[in-house]
Amino acid sequence: MRFWRERERENKEHVVAPLCGQIRVLVVGDSGVGKSSLLHLIVKGSSIVRPSQTIGCTVGVKHLAYASPASSSSSIKGDSERDFFVELWDVSGHERYKDCRSLFYSQVNGVIFVHDLSQRRTKTNLQKWAGEVSVNGAFSAPLSSGGPGGLPVPYIVIGNKADIAAKEGTSGSSGNLVDAARQWVEKQGLLPHSDELPLSESFPSNGGLIMAAKEARYDKEALNKFFHMLIRRRYFSDELPSPSSAWSLSPGPSQRLDEGTSDEDQFYKRTSLREGDPYKYNTLPQHNLTQPPTLYPQQPPDRYSYAIPRFSLSSVEETNNGNGRSKPMDINV
Ligand SMILES: Nc1nc2c(ncn2[C@@H]2O[C@H](COP(=O)(O)OP(=O)(O)OP(=O)(O)O)[C@@H](O)[C@H]2O)c(=O)[nH]1
């Protein structure tokens, strides 16, 4: 009897426990562009001198406190903020993992594309990465229209190694073997030069990641904005596509990665919740963390996941410009 009373008490405590949530962000790009270095900087706030090559995938977790727009005016401090965990899945860019890395593309809320500013090829290759993730991924809170390669979630593009690019144009080297090999191949003319993609500014803005880490100078704000936007979309927004949307079958006309920054508005097309909408939860959200990926054969996940845990929308005001669309946010750094 005492046992059951205690269980009941525990359950009650569980219901009033502070809510927290989680979003998953993939970090992708060619091998050696600096994804692991970037991840270390984001999560630990410091540079890493000799990162080892990623085997399969590494996950870093960043904690964020997020105040929903409506509750931020709350008079009770602390009530307004909730805890969120941003899972950053750093997927190896090495060809060796090409056939199995789609295992890591599940429940994706957003994507960080990384390229090396001193290696043009790594930038054009982002289009392939976008296609690979779009085709093989399962997405949480998908957008109602496609981004680059049909990518149905928001993304951000980060140009890394600005220090090398600035110093030596495109012929510099970080001393990394993969970089050196790629540069050699490009110099020999073995790889076709592709057009420059007007993707993004460098990240961080005036120097390399390593330099930036030393001086604690990188565009944290832009990245935090991106994470906040993903949290808002997953937990507080009513911009989910209707179940009858074309996403469940085939994506709409897809966009090129180089077009992604100019028309972000299309990322924010909203479908308002109808009465009895199954995606609106007023209870404790279920954290549908998927099981960690294994190397065992798995059933491919649904292409797009609509089972999105949501916080109550009743007390939340979306940033809205009056015509039913959320305010576009600059997600590129
Ligand atoms: N000069 C310079 N070197 C960098 C910068 N960022 C990373 N590097 C170096 O680039 C090399 C590759 O970095 P990683 O972070 O391992 O690259 P990755 O994209 O994770 O590579 P994979 O694990 O193979 O996918 C390392 O030697 C880093 O020290 C930067 O901003 N400037």
Side-chain angles (χ1 to χ4, degrees), residues 25-62 87-105 108 111-130 132-133 136 155-186 199-220 222-223 257 293 333:
V25 178
L26 286 183
V27 184
V28 294
D30 287 358
S31 180
V33 294
K35 297 181 295 298
S36 305
S37 312
L38 174 70
L39 196 86
H40 201 273
L41 184 59
I42 295 171
V43 174
K44 303 231 159 75
S46 62
S47 64
I48 180 170
V49 183
R50 275 185 210 289
S52 45
Q53 196 177 65
T54 307
I55 299 172
C57 177
T58 306
V59 182
V61 179
K62 182 178 170 62
E87 290 178 13
L88 293 152
W89 289 47
D90 168 17
V91 181
S92 170
H94 200 280
E95 281 296 299
R96 186 184 307 142
Y97 302 104
K98 195 168 191 292
D99 295 336
C100 65
R101 63 186 169 223
S102 59
L103 283 173
F104 308 119
Y105 303 159
V108 179
V111 181
I112 298 178
F113 292 102
V114 187
H115 68 101
D116 177 345
L117 286 164
S118 68
Q119 309 270 339
R120 278 206 308 184
R121 181 104 194 132
T122 63
K123 195 176 185 183
T124 49
N125 280 348
L126 293 184
Q127 194 68 41
K128 283 192 209 150
W129 281 100
E132 181 178 312
V133 173
N136 300 303
Y155 67 95
I156 186 168
V157 180
I158 292 174
N160 193 24
K161 304 196 189 180
D163 54 332
I164 305 173
K167 253 192 258 158
E168 304 173 44
T170 54
S171 60
S173 167
S174 63
N176 175 267
L177 212 59
V178 180
D179 286 356
R182 193 185 290 121
Q183 274 173 11
W184 183 83
V185 171
E186 278 195 6
L199 287 174
S200 64
E201 306 288 318
S202 62
F203 175 92
S205 44
N206 313 310
L209 201 54
I210 291 168
M211 214 156 52
K214 267 191 212 139
E215 299 166 24
R217 170 178 56 79
Y218 76 104
D219 203 344
K220 245 186 215 166
L223 211 57
L257 199 55
V333 288

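Side chains included, hydrogens not; waters and symmetry mates left out as well; all remaining heavy atoms used. As the structure lists them, so they are numbered: ligands from 1, and atoms in each ligand from 1.
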Student: Heavy-atom pairs closer than 4.0 Å: do any link ligand 1 to the side chain of Leu38, the backbone, both, or neither?
Tutor: neither
Student: What atoms of ligand 1 come closer than 4.0 angstrom to any heavy atom of Gly93?
Tutor: 25 (O)
Student: Relative to atom 25 (O) of ligand 1, which among Lys161, His40, Lys35, Gln53 owns the nearest non-hydrogen atom?
Tutor: Lys35
Student: Looking only at non-hydrogen atoms, find the nearest pair between Lys35 and Val28 and report the distance.
Tutor: CD-C, 3.5 Å
Student: Can you sort out which atoms of ligand 1 are near Asp30, meaning under 4.0 Å from one of its heavy atoms?
Tutor: 19 (O)
Student: With respect to Ser92, determine whether any N or O atom, backbone or side chain, lies less than 3.5 Å from an N or O atom of ligand 1.
Tutor: no
Student: Given the rule in the side-chain contact (heavy atoms from CB on, under 4.5 Å) test, do Ile42 and Val27 qualify, once you have shown the distances and angles that lead to the verdict?
Tutor: CA-CA 12 Å; Ile42 295 171; Val27 184; over 6 Å; no
Student: Please report the shortest heavy-atom distance between Ser92 and Trp129, naming the atom on each side.
Tutor: O-CH2, 3.9 Å
Student: Taking only residues two or more places apart in sequence or in another chain, which ones pass side-chain hydrogen bond (donor to acceptor under 3.5 Å, both in side chains) with Ser36?
Tutor: Thr54, Asp90
Student: Go through it in stages, so that I can follow the logic: the residues are Val133 and Val91, the test is side-chain contact (heavy atoms from CB on, under 4.5 Å), and I'd like the CA-CA distance, side-chain angles, deciding distance and then a yes or no.
Tutor: CA-CA 11 Å; Val133 173; Val91 181; over 6 Å; no
Student: Which residue from Asn160, Asp116, Thr54 reaches closest to atom 23 (O) of ligand 1 through any of its heavy atoms?
Tutor: Thr54
Student: Any nitrogen or oxygen of Asp90, side chain or backbone, less than 3.5 Å from one on ligand 1?
Tutor: no
Student: Say whether Ile164, considering both its backbone and side-chain N or O atoms, lies within less than 3.5 Å of an N or O atom on ligand 1.
Tutor: no
Student: Looking at Val33, which atoms of ligand 1 are within less than 4.0 Å of one of its heavy atoms?
Tutor: 17 (O), 19 (O)
Student: Would you say Ser52 has any N or O atom under 3.5 Å from an N or O of ligand 1, going by distance alone?
Tutor: no
Student: Could you pull out the closest heavy-atom pair between Arg101 and His94, with the gap in Å?
Tutor: NH1-O, 3.2 Å
Student: Give yes if a backbone or side-chain nitrogen or oxygen of Gly32 is under 3.5 Å from a nitrogen or oxygen of ligand 1, and no if not.
Tutor: yes
Student: Heavy atoms only: give me the nearest Thr122-Asp30 pair and the separation to one decimal.
Tutor: CA-OD2, 3.5 Å
Student: Between Val33 and Asn160, what is the shortest heavy-atom contact and its length?
Tutor: O-ND2, 2.8 Å
